Amino acid sequence: MLQLSVIRENPEAVIQRLSIKHFDGREIIPNIIALDDKRKETQKHLDESLAQANSMAKEIGLLFQSGKAEQANNLKAKTMELKNLSKELGTSLESTKEELEDLLVKVPNLPHSSVPAGNSAEDNVKMMQEGKIPQLSKDALAHWDLAVKYDIIDFALGTKISGAGFPLYKGQGARLQRALINFFLDKATGAGYLEIQPPLMVNPASGFGTGQLPDKDGQMYYVPLDDLYLIPTAEVPVTNIYRDVILKESDLPLKNVAYSGCFRREAGSYGKDVRGLNRLHQFDKVEIVRIAHPEKSYEDLEEMRDYVSGLLRLLELPFRVLKLCGADLSFTSALTYDMEVFSVAQQRWLEVSSISNFEAFQANRLKLRFRNEAGKIQLAHTLNGSALALPRIVAAMLENNQSEKGIRIPAALVPYTGFEYIT
RNA sequence: GGAGAGGUGGGUGAGUGGCUGAAACCAACAGUUUGCUAAACUGUCGUACGGGAAACUGUACCGGGGGUUCGAAUCCCCCCCUCUCCGCCA
């Protein structure tokens, strides 16, 4: 949620910046300001009315105590009017606030000044690319065929037990999952991230805090009996640790890492996008989250990008980094880097990490703040990124590293798998 | 799931209708003292939204919501949560 102060300060600039995200703010922004004016006006009247009622109540108390019951009763009669007025104003204030909130949550975050508008994912900016793209023989297999050949992932069994999009890993496949998770967690804790094991279900308040609710509730699995959502990413529970928290400036930056299963309904997905491991209802991911000082958050973002690049190097996967254009940038993000690995048999780039700076957008809704040097309370910045999501890493690794000897495991991972080849 | 107890500021905890936005203590922060550390002393010390250049000031908030009352942390109703015991159970 954008800060009202930002909108009020320079509405024209806000509208202009929103247009980079192809969001037309020409109507909603003035409406927000008008509603906020109304809110202030109403609150002022309400406060005045309540102040009067308070002082009358005090007076009545004093009159009773000094035995002037008759005067007190006279005053009492007068309070009726004030009470009704306050009630009316209170109701009006409530509804104005609601209207205002309803509009505010519809406005996306402002993109960083370096973000180009673009029209689609085609216009994302390639920042860099590295790693050698291997040449495979003609009979090279896609990962879903390799999964069968080596009997390491059983999609059919997953379907039998749960449904499409719930793969079952076995043998060396299962071991590879465990190896990757441990590898990623070890690297992150080594880089100063505090390991968190979060709940996998969250309440609605947490969903609102990170912005999955109210809009994207159709993307989460929901358990109505207990009013809980299965997390689509560890970002949700981990970031919500800091909901309604006022930190010390010296606490920043906070660095957390969490492994979790992730659950996504992926309603409306179809075709080659969902084949094999490309898009799943349940998958494993290690997520890094940072709570940053506003003046340092972009340094942090670069650091996170470097960190994830390092992981991909260790995994010996060819990758590229994209800066998302306005058209592709998410609702909550100010700047996002997508990290993609090349999956040779599929001949396509697969997104394995998305690293974003949300600036104060999430923090505003979370009420995640810190006390600065001057003693003033101000919103912190939140950032997060995958480090990394497993399935597409596995897909690329299977495809790129296939050979006659089997699937080669990158050296950095061998201590975790205990084997050099999947055979 | 059943029975009971309880939810007050960063923490402990007082407060059963007006003088309580809330005692006291601890923690924290600033200062004095000190050769340093510790101790002692002094001061500051909730959040949000308004008004004001500022000093300051109005309003709301004692788990959440509703009600009674001129007036509610305090009384009533509903909900949520925590703890203890029982049941079930990885």
Side-chain angles (χ1 to χ4, degrees), chain A residues 1-9 32-105 197 199-209 213 223-229 237 240-252 254 261 291 360 362-380:
Chain A
M1 195 160 66
L2 270 186
Q3 292 165 266
L4 253 174
S5 57
V6 170
I7 293 173
R8 295 206 68 115
E9 218 164 84
I32 285 171
I33 292 173
L35 270 174
D36 190 42
D37 285 337
K38 187 179 167 193
R39 192 210 97 233
K40 280 189 197 179
E41 187 65 17
T42 312
Q43 179 155 49
K44 201 171 150 187
H45 285 141
L46 176 62
D47 284 358
E48 280 164 4
S49 158
L50 288 172
Q52 254 189 73
N54 284 344
S55 76
M56 272 174 138
K58 248 178 207 154
E59 216 177 310
I60 290 167
L62 289 175
L63 288 171
F64 272 124
Q65 272 165 32
S66 54
K68 298 173 183 162
E70 196 183 329
Q71 279 183 51
N73 283 322
N74 283 342
L75 250 187
K76 256 199 210 180
K78 286 191 196 163
T79 58
M80 265 317 271
E81 210 180 306
L82 266 181
K83 264 180 102 174
N84 287 334
L85 180 64
S86 300
K87 198 160 196 173
E88 215 174 280
L89 287 168
T91 313
S92 156
L93 181 65
E94 261 335 286
S95 70
T96 306
K97 274 179 162 171
E98 254 171 57
E99 268 181 80
L100 181 58
E101 174 94 4
D102 286 348
L103 289 188
L104 267 175
V105 298
Q197 191 173 108
L200 303 182
M201 290 184 157
V202 294
N203 57 29
S206 295
F208 276 100
L213 296 174
V223 183
L225 199 58
D226 297 290
D227 198 18
L228 291 169
Y229 293 87
N240 271 283
I241 293 171
Y242 307 101
R243 169 154 49 89
D244 287 317
V245 166
I246 299 176
L247 297 162
K248 284 183 278 193
E249 188 164 21
S250 58
D251 292 337
L252 303 175
L254 280 164
I291 313 299
Q362 278 185 334
N364 191 31
R365 208 185 298 190
L366 286 164
K367 295 199 177 64
L368 162 50
R369 295 158 295 173
F370 69 99
R371 204 179 295 277
N372 65 26
E373 256 177 63
K376 287 260 199 274
I377 286 165
Q378 102 183 68
L379 292 171

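Order of the sequence lines sets the chain letters (A, B, ...), proteins ahead of strands, with each chain counted from 1. Everything quoted here is computed from the prediction, not taken from an experiment.
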Spacing of A:K87 atom NZ relative to B:U59 atom C1', expressed in whole Å: 19 Å
Distance-only polar pair, side chains of A:Q3 and A:N364, donor-acceptor under 3.5 Å: no
Rounded to whole Å, OH of A:Y242 lies from C1' of B:G10 at a distance of 17 Å
A:K40 side chain: which of B:G51, B:A60, B:G58 is closest? B:G51
May I ask you to evaluate whether A:R371 reaches the phosphate of B:C29, defined as a side-chain N or O under 4.0 Å from OP1 or OP2? no
Atom P, compared across B:C56 and B:U42: separation rounded to whole Å: 23 Å
Separation of the P atoms in B:G6 and B:C75, to the nearest angstrom: 11 Å
Using a cut-off of strictly less than 4.0 Å, decide whether A:K248 has a side-chain nitrogen or oxygen near OP1 or OP2 of B:A28. no
Counting only heavy atoms from other residues, nucleotides and ligands, does the tally under 6.0 Å from CD of A:Q197 exceed 12? no
Rounded off to whole Å, could you give me the CD-to-P distance for the A:E101 and B:A48 pair? 16 Å
Base, sugar-phosphate, or nothing for A:L82, non-hydrogen atoms under 4.0 angstrom? nothing
Mapping A:Q52 and A:Q43 to their closest nucleotides on RNA chain B, which lands nearer the 5' end? A:Q43
Ranking A:K367 and A:A51 by the position along RNA chain B of their nearest nucleotide, the one closer to 5' is A:K367
